[in-house]
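Take a look at the structure below.
To find a chain, count down the sequence lines: A is the first, B the second, and so on, and within it residues start at 1.
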Amino acid sequence: MAAEGATDDEVSGFVRSVYTLLRVCDAEIAGWSHDGLQVVIFDPARFASELCPKFFRHRTFQSFTRLLNMYQFHRVPSAQRDSKHVVFAHPNFQRTREDLLPLIQRKSSSACRAPDCGVCQ
Amino acid sequence: MAAEGATDDEVSGFVRSVYTLLRVCDAEIAGWSHDGLQVVIFDPARFASELCPKFFRHRTFQSFTRLLNMYQFHRVPSAQRDSKHVVFAHPNFQRTREDLLPLIQRKSSSACRAPDCGVCQ
Amino acid sequence: MAAEGATDDEVSGFVRSVYTLLRVCDAEIAGWSHDGLQVVIFDPARFASELCPKFFRHRTFQSFTRLLNMYQFHRVPSAQRDSKHVVFAHPNFQRTREDLLPLIQRKSSSACRAPDCGVCQ
DNA sequence: ACCGTTCTAGAATATTCGAAC
DNA sequence: TGTTCGAATATTCTAGAACGG
């Protein structure tokens with residue numbers, strides 16, 4: 001199993017921040033789902049105003065969401081229609097599988113158009 | 001009176017809702033700018049949780065923003081960067097010019113009109 | 001003299017330069033924020049053309065910025081959005097806490113340690 | 001077909017970083 | 001360690017797309 005050769009250094013800053021955030025933050029604001037497979041924001045308003053400024057350079061839920069999508073997290077529709085909880089998940093973002101974090105990659109930005117670019121072609 | 005050829009029926013439902021909302025809502029949550037040219041949301045959190053459900057079928061600021069953009073409103077950066085106020089404007093959305101409201105049109109849905117489009121039909 | 005265990009020698013040259021610069025420079029060009037926690041460049045153009053050559057071996061604001069980032073200073077968005085002031089901060093860079101300066105360390109160059117790396121040798 | 005709601009992505013700018021020298 | 005330049009990442013605002021009424 002398990003991503004040998006995948007050290008912490010390879011985890012992107014954003015992913016590392018979210019993982020840390022979930023470990024240290026007030027359990028009333030955000031946390032892992034019971035199975036440890038989903039990120040649950042229990043209180044988006046407090047998350048934006050209190051947590052975002054501590055871990056990022058902004059204080060909006062939208063900016064947080066934008067980066068989650070950039071890293072291919074997907075929103076999970078909550079069962080309770082009126083719930084204010086916001087749930088996100090990524091197959092390689094799991095509470096007990098820190099070793100998988102390096103697999104989470106940011107989507108490539110606007111594709112390189114250089115005619116001789118060996119990477120993007 | 002009234003902008004001949006421009007009756008209320010011609011004002012889109014969303015634009016009418018926003019105009020009404022600004023007339024009746026708590027002045028601490030939202031209102032017109034002093035010059036009557038801008039929509040100011042003083043408290044986005046309360047706006048989303050209290051006002052949105054009354055005027056729309058959702059309770060998120062993002063959904064409100066999405067429609068504003070659809071109707072070509074644009075966000076106005078506030079001078080104070082750390083301000084929580086959110087400001088939007090549209091050249092034909094003015095407090096004293098209700099007659100201009102019919103001019104505000106929703107962007108055409110990017111509907112595919114190709115007669116043989118297998119996706120959109 | 002000299003705070004035992006934390007002599008001037010332990011403060012990196014760049015950090016020392018910035019600290020000195022703020023003490024001696026024209027108050028119209030740069031200085032401390034009122035609370036003494038932030039570095040404020042009031043006039044980036046004059047800072048680059050007049051101060052940089054005196055304290056460093058260049059005359060560009062970007063080079064100054066590059067080193068600030070290298071030492072983990074972060075840019076702070078100025079309150080006034082249209083302000084030309086540029087603000088940086090580092091938790092251990094404070095006007096009244098010269099004793100903390102040695103704690104400011106340059107980021108480890110991400111030197112490649114792979115024994116067989118043909119690029120870095 | 002049009003409009004509204006939701007989730008995701010594009011685009012422009014701002015900020016930070018990698019790497020060669 | 002410092003300087004330079006190009007690239008990657010972050011933040012903001014707007015738009016695309018799928019779906020439902």
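With hydrophobic clusters built from ILVMFWY side chains whose heavy atoms lie under 4.5 angstrom apart, C:Phe55 shares a cluster with C:Ile104. When the side chains of ILVMFWY residues are joined at heavy-atom separations under 4.5 Å, either directly or via intervening members, A:Leu21 and A:Val40 end up in two distinct hydrophobic clusters.
Summary of the strand contacts: B:Arg59 and C:Pro77 both lie near DNA chain D, and taking for each the nucleotide with the nearest heavy atom, the more 5' one is attributed to B:Arg59. Ranked by how close their nearest DNA chain D nucleotide is to the 5' end, B:Leu67 and A:Gln62 are led by B:Leu67.
Between A:Glu98 and A:Arg16 there is a salt bridge, since a side-chain N of the basic residue sits under 4.0 Å from a carboxylate O of the acidic one.
Applying the ring pair (Phe, Tyr, Trp, His ring centres under 6.0 Å) rule to B:Tyr71 yields the partners B:Phe14; only residues at least two apart in sequence or on another chain are considered.
The side chain of A:Thr60 contributes an N or O atom lying less than 4.0 Å from OP1 or OP2 of E:dT12. Residue A:His74 places at least one side-chain N or O under 4.0 Å from the OP1 or OP2 atom of D:dT8.
Between atom CZ of residue B:Phe64 and atom CG of residue B:Leu51 there is a gap of 8.5 Å, rounded to the nearest 0.5 Å. To the nearest 0.5 Å, atom NZ of residue C:Lys107 and atom CD of residue C:Gln72 are 5.0 Å apart. Atom CG of C:Asn69 sits about 7.0 Å away from atom NE2 of C:His74, to the nearest 0.5 Å. For the atom pair CZ (A:Arg59) and CG (B:Asp82), the distance works out to 8.0 Å, reported to the nearest 0.5 Å.
For B:Arg75, taking side-chain heavy atoms from C-beta onward, the closest of the listed nucleotides E:dT14, E:dT1, D:dT16 is E:dT14. With distances taken from any side-chain atom of A:Phe56 to the nucleotides E:dT3, E:dT11, D:dC17, the minimum falls on E:dT11. With distances taken from any side-chain atom of C:Phe88 to the nucleotides E:dT14, D:dT5, D:dT16, the minimum falls on D:dT16. The side chain of B:Thr65 approaches E:dT14 more closely than any other nucleotide in the set D:dG4, E:dT3, E:dT14.
Between A:Trp32 and A:Phe93, the two ring planes are parallel [angle under 30°; tilted spans 30° to 60°].
Atom CZ in B:Phe55 sits about 13 Å away from atom P in D:dT5, given to the nearest Å. The nearest whole Å value for the distance from the CE atom in A:Met70 to the C1' atom in D:dA9 is 8 Å. In this structure, CZ of C:Phe61 is placed 17 Å from P of E:dC5, rounded to the nearest angstrom. Between the OH atom of C:Tyr71 and the C1' atom of E:dT1 there is a distance of 6 Å, given to the nearest Å. One atom, CZ of A:Arg106, and another, C1' of E:dT9, lie 5 Å apart when rounded to the nearest Å. Straight-line distance from the CZ atom of C:Arg16 to the C1' atom of E:dG2: 18 Å, rounded to whole Å. The CD atom of C:Gln72 sits 12 Å away from the C1' atom of D:dC17 (whole-angstrom rounding). Between the CZ atom of C:Arg66 and the P atom of D:dT16 there is a distance of 11 Å, given to the nearest Å.
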Quiz item: Should C:Val18 and C:Phe88 be marked as a side chain to side chain contact (heavy atoms under 4.5 Å, CB included) after you check the CA-CA gap, both sets of side-chain angles, and the distance that decides it?
Solution: CA-CA 11 Å; C:Val18 179; C:Phe88 279 93; over 6 Å; no
Could you write out each protein N or O paired with an N or O of nucleotides 19-21 of chain E at a distance under 3.5 Å?
none

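The overall bend of the helix from D:dC2-E:dG21 to D:dC21-E:dG2, read as the angle between its terminal helix axes built from five base pairs each, is 30° when rounded to 10 degrees.
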